[in-house]
Amino acid sequence: MLPAAALPTPLTPVDDPEFAAAGAELWLKRDDLAHPSVPGNKWRKLAPNLERAVADGARGLLTYGGAYSTHVRAVAAAARGLGLASTGVIRGAELAGQPRNWSLARAERDGMVLEFVERSAYRALAGGGQERRAGYYVLPEGGSNGLAVRGAAVTAAELAGALPDFGPRDVVCCPVGTGGTLAGIAAGLPTGPRALGVAVLRGEGYLEAEVTALHRAGYGREFPNWQLVHGWHGGGYGRVPPELERFASWFGTAYGVPVERRYVAKALWAVYGLLRAGELRGCRVTVVVTGLPDPVG
Ligand SMILES: *Cc1c(COP(=O)(O)O)cnc(C)c1O
């Protein structure tokens, strides 16, 4: 059985005076509440892949990631829920002999077998993403493939169901790592609303090409209703400059929402920045809360 999720996830308004002053609205789509052990967009992207793995009669799941990969933990938890084996190919041969960090320890507790590989070998494997192992269903690094895009599209379909007047003044915003979530949201929107992706790493040009490739993989065509902004990565993946930290802790306290820093904080930061630049006047902006903060330790 697939790990059941609490769907549709809640859609909640944020009563923010700056948005009100600009004739705009801010809403949060709480995908972080979808599932306790496979959170947020990781559940969305895995769900159709898990169905396929089970239908194919796979005995295990295999994927790739870094030492703190949320995707790797999600795959381990999902495999365990389905009674499947799991293997994680982890970047960094030097980690093999070290004590496990909390993230890898959690994956191992869920039964995942970890294989540590040199960075250069990892690049070739994860980039190709097509390693074959008898009986294993292989998921690419970050979990973004054509099926994942279709899973992520359900978030947009839920919004269309919850907002009767969903239309041209709607902007649906999400953070972008590999681009699978943005690709899905754009694909799942009806005509009218736009998808806005906030790059959390330096990837201008590259990320646009990834989103387009994922649309082709999932739907065999391209979509015109999305855009990426690149000014809000804060210096790169995992970087949280003091200004972003101040903003995220203010938002979390003011509105009682846990703000994950690597992704969600940057999407919210961008939305406030664009509002202050006058670019979201009159818009109803829905930020997809794609995940939870890491448990500490
Ligand atoms: C993995 C992750 C993302 C990135 O999603 P992509 O589909 O890879 O762009 C965004 N937000 C959170 C919280 C994540 O864990």
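For this chain, numbers begin at 1 and follow the sequence in order. Basis for what follows: all heavy atoms, side chains included, without hydrogens, waters or symmetry-related copies. Whatever order the structure lists them in is the order used to number ligands and atoms, beginning at 1.
- Taking Glu204 as the reference, nothing meets the side-chain hydrogen bond (donor to acceptor under 3.5 Å, both in side chains) condition, with sequence neighbours excluded.
- Counting non-hydrogen atoms of other residues, nucleotides and ligands closer than 6.0 Å to CD of Glu118 gives a total of 12 or fewer.
- Between the side chains of Asp15 and Tyr255, no donor N or O sits under 3.5 Å from an acceptor N or O.
- Under the rule for a side-chain hydrogen bond (donor to acceptor under 3.5 Å, both in side chains), the partners of Thr178 that lie at least two apart in sequence or sit in another chain are Ser144.
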Give me the pairs of N or O atoms, one from ligand 1 and one from the protein, that sit under 3.5 Å apart.
residue, atom, partner, partner atom, Å
ligand 1, 5 (O), Asn41, ND2, 2.9
ligand 1, 5 (O), Thr181, OG1, 3.4
ligand 1, 7 (O), Lys45, NZ, 2.8
ligand 1, 7 (O), Gly180, N, 3.3
ligand 1, 7 (O), Thr181, N, 2.9
ligand 1, 7 (O), Thr181, OG1, 2.7
ligand 1, 8 (O), Lys45, NZ, 3.4
ligand 1, 8 (O), Thr178, N, 2.8
ligand 1, 8 (O), Thr178, OG1, 2.6
ligand 1, 9 (O), Gly177, N, 2.8
ligand 1, 9 (O), Thr178, N, 3.1
ligand 1, 9 (O), Gly179, N, 2.9
ligand 1, 11 (N), Thr290, OG1, 2.6
ligand 1, 15 (O), Lys42, NZ, 2.8

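- Taking the ring-ring contact (aromatic ring centres under 6.0 Å, His included) definition, one finds that Tyr263 meets it with Tyr237, sequence neighbours left out.
- For the residue pair Glu208/His230, the side-chain donor-acceptor check at 3.5 Å is satisfied.
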